[in-house]
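All heavy atoms count here, side chains included; hydrogens, waters and symmetry mates do not. A quick note: this is a predicted structure, and the numbers were derived from the prediction, not measured. Numbering starts at 1 and runs along the sequence shown.
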Amino acid sequence: NTNTEEFAGLLFNLGAAATTPSASGNINPSAQWVNNTAGFSISKYTGTGGTSTLTIGHGLSKAPGWVLCKRIDNTGDWETNQYPGTTANKRFHFNSNDLPWTSNGGYIDGSNATSTVVQFTKGDNIDSVNTSGAEYIMYCFAEVPGVSCIGKYSIASNGNTTYSHTEREWIPCGFKPSALLIRSLDGSQPWLLYHKQNQSHDVEVLLPAETGYSTWGQRAMALTSFGFRFAYKQAASNEYGHTYQYVAFAETPFKLARGS
């Protein structure tokens, strides 16, 4: 709220009241807010420590494709997951441009999330996931047709593009995105947040893992009526031979539209 400065934010409606927290996992949330129609939940929990694989109930009716977890009573990284099905899931940070890396500590295992729980693999005593007695907040997003689209795509060395959904020259979402998040799974590239409120004719880019904003990548991306399309190659979003994950949210969510 600095005077004269412009800000962008992503807001999600969870309603006013908390729900009864899920008891499906080894770790039970102390509070939980769930909107299954939008595929989004927030869970607050206390870490239990230990070195075994643990689970926590997310409250949604389907497996989340994107999870964020942050310690809230001390410093710690924003922990996130690689897209489900990614080979050799590793520790991955939302507040860093580093490569995903193998860790002796815990990480969010996107491939083993289910319709009831999120899995913390090798739940060691690390601030990012499950330190005993520490307080955490967890955000879970499940794909909902017409509302959100979560997936990954690869750019083959010959220039052909393959997707986790339908193979086409552009990446289909089933709607026009208002916000689009992209991250390389195999390169030290920045998280990119394309936001409709920041564009006139070109698309400006926010860098969530950095303190400033950037117009870097203008004209590289077009948000279309049914997904998104690249105008030219850049390492952070569509370089030959690399794989990327993305999360897109609809400009006008069909499933959440309200009649008069």
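- Between Trp191 and Phe94, the ring center distance clears the sub-6.0 Å criterion.
- Here the closest heavy-atom approach between residue Leu193 and residue Pro208 is recorded as CB-CG, 3.9 Å.
- Contact of the Tyr83 side chain with the Ile150 side chain is registered, since non-hydrogen atoms from C-beta on lie closer than 4.5 Å.
- Under the 3.5 Å distance criterion, the side-chain polar atoms of Asn81 are matched with a main-chain donor or acceptor of Val67.
- Between Tyr153 and Phe230, a ring centre-to-centre spacing shorter than 6.0 Å is recorded.
- For the residue pair Ser148/Glu143, the side-chain donor-acceptor check at 3.5 Å is not satisfied.
- Defined by atom type and a distance below 3.5 Å, a donor-acceptor pair is missing between the side-chain atoms of Asn97 and Ser188.
- Scanning both residues, Pro29 and Gly57, for their nearest heavy atoms gives CG-O, 3.6 Å.
- For Pro177 against Thr224, the heavy-atom pair with the smallest separation is CD-O, 3.7 Å.
- Between Cys140 and Val118, the shortest heavy-atom distance links the atoms SG-CG2, 3.8 Å.
- Considering only heavy atoms from C-beta on, Tyr244 comes within 4.5 Å of Glu239 through its side chain.
- The side-chain contact (heavy atoms from CB on, under 4.5 Å) test with Val117 is passed by exactly one of Asn26, Thr55, Leu54: Thr55.
- Expressed to the nearest 0.5 Å, how far OH of Tyr136 lies from NZ of Lys70 amounts to 9.5 Å.
- Closest approach of Val147 to Ala38, counting heavy atoms only: CG1-O, 4.0 Å.
- When all heavy atoms of Gln32 and Ser43 are compared, the closest pair comes out as NE2-OG, 2.7 Å.
- The CG atom of Asn36 sits 5.5 Å away from the CG atom of Leu60 when rounded to the nearest 0.5 Å.
- Residues Leu192 and Ile171 share a hydrophobic cluster, clusters being chains of Ile/Leu/Val/Met/Phe/Trp/Tyr side chains in contact below 4.5 Å.
- Note that NE2 of His195 is 11.0 Å distant from CG of Leu180, once rounded to the nearest 0.5 Å.
- Between Trp78 and Arg71 the shortest side-chain heavy-atom distance does not fall below 4.5 Å.
- Side chains of Arg183 and Phe92 form a contact here, defined as non-hydrogen atoms less than 4.5 Å apart.
- Within the 3.5 Å criterion, the main-chain N or O of Met138 finds no donor-acceptor partner in the side chain of His58.
- Trp66 and Tyr246 have their aromatic ring centers separated by at least 6.0 angstrom.
- Considering only heavy atoms from C-beta on, Pro64 stays 4.5 Å or farther from Phe141 through its side chain.
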Full working for side-chain contact (heavy atoms from CB on, under 4.5 Å) between Asp98 and His93: CA-CA 8 Å; Asp98 293 337; His93 284 162; 5.8 Å; no
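- Between Ser22 and Thr19, every side-chain heavy-atom pair lies at or beyond the 4.5 Å cut-off.
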Step-by-step side-chain contact (heavy atoms from CB on, under 4.5 Å) determination, Tyr45 to Ile56: CA-CA 9 Å; Tyr45 70 94; Ile56 178 171; 3.4 Å; yes
Audit row: Ser24, Thr116, side chain to side chain donor-acceptor pair (under 3.5 Å) steps and yes/no: CA-CA 6 Å; Ser24 298; Thr116 57; 4.7 Å; no
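- No side-chain heavy atom of Thr80 sits less than 4.5 Å from a side-chain heavy atom of Cys69.
- Note on Tyr139: it clusters hydrophobically with Val247, by side-chain heavy-atom contacts below 4.5 Å among ILVMFWY residues.
- To the nearest 0.5 Å, atoms SG (Cys173) and CZ (Phe228) are separated by 5.0 Å.
- Expressed to the nearest 0.5 Å, how far NE2 of His242 lies from CD of Gln189 amounts to 7.5 Å.
- A centroid separation of 6.0 Å or more is found between the aromatic rings of Phe175 and Phe249.
- Remark: side-chain polar atoms of Asn95 are not paired, donor with acceptor, to backbone N or O of Asp77 under 3.5 angstrom.
- Between atom OG1 of residue Thr53 and atom CG of residue Asp109 there is a gap of 8.0 Å, rounded to the nearest 0.5 Å.
- Summarising the local packing, NZ of Lys62 is surrounded by more than 12 heavy atoms from other residues, nucleotides or ligands at distances under 6.0 Å.
- Side-chain atoms of Asp186 come within 3.5 Å of backbone atoms of Thr243 as a donor-acceptor pair (strictly under, hydrogens ignored).
- Using a 4.0 Å cut-off between a side-chain N of Lys or Arg and a carboxylate O of Asp or Glu, Arg91 and Glu79 qualify as a salt bridge.
- Both Tyr240 and Ile182 are assigned to one and the same hydrophobic cluster, defined by single-linkage of ILVMFWY side chains at heavy-atom distances under 4.5 Å.
- Contact annotation: the side chain of Lys176 never approaches that of Thr252 to less than 4.5 Å [non-hydrogen atoms, C-beta and beyond].
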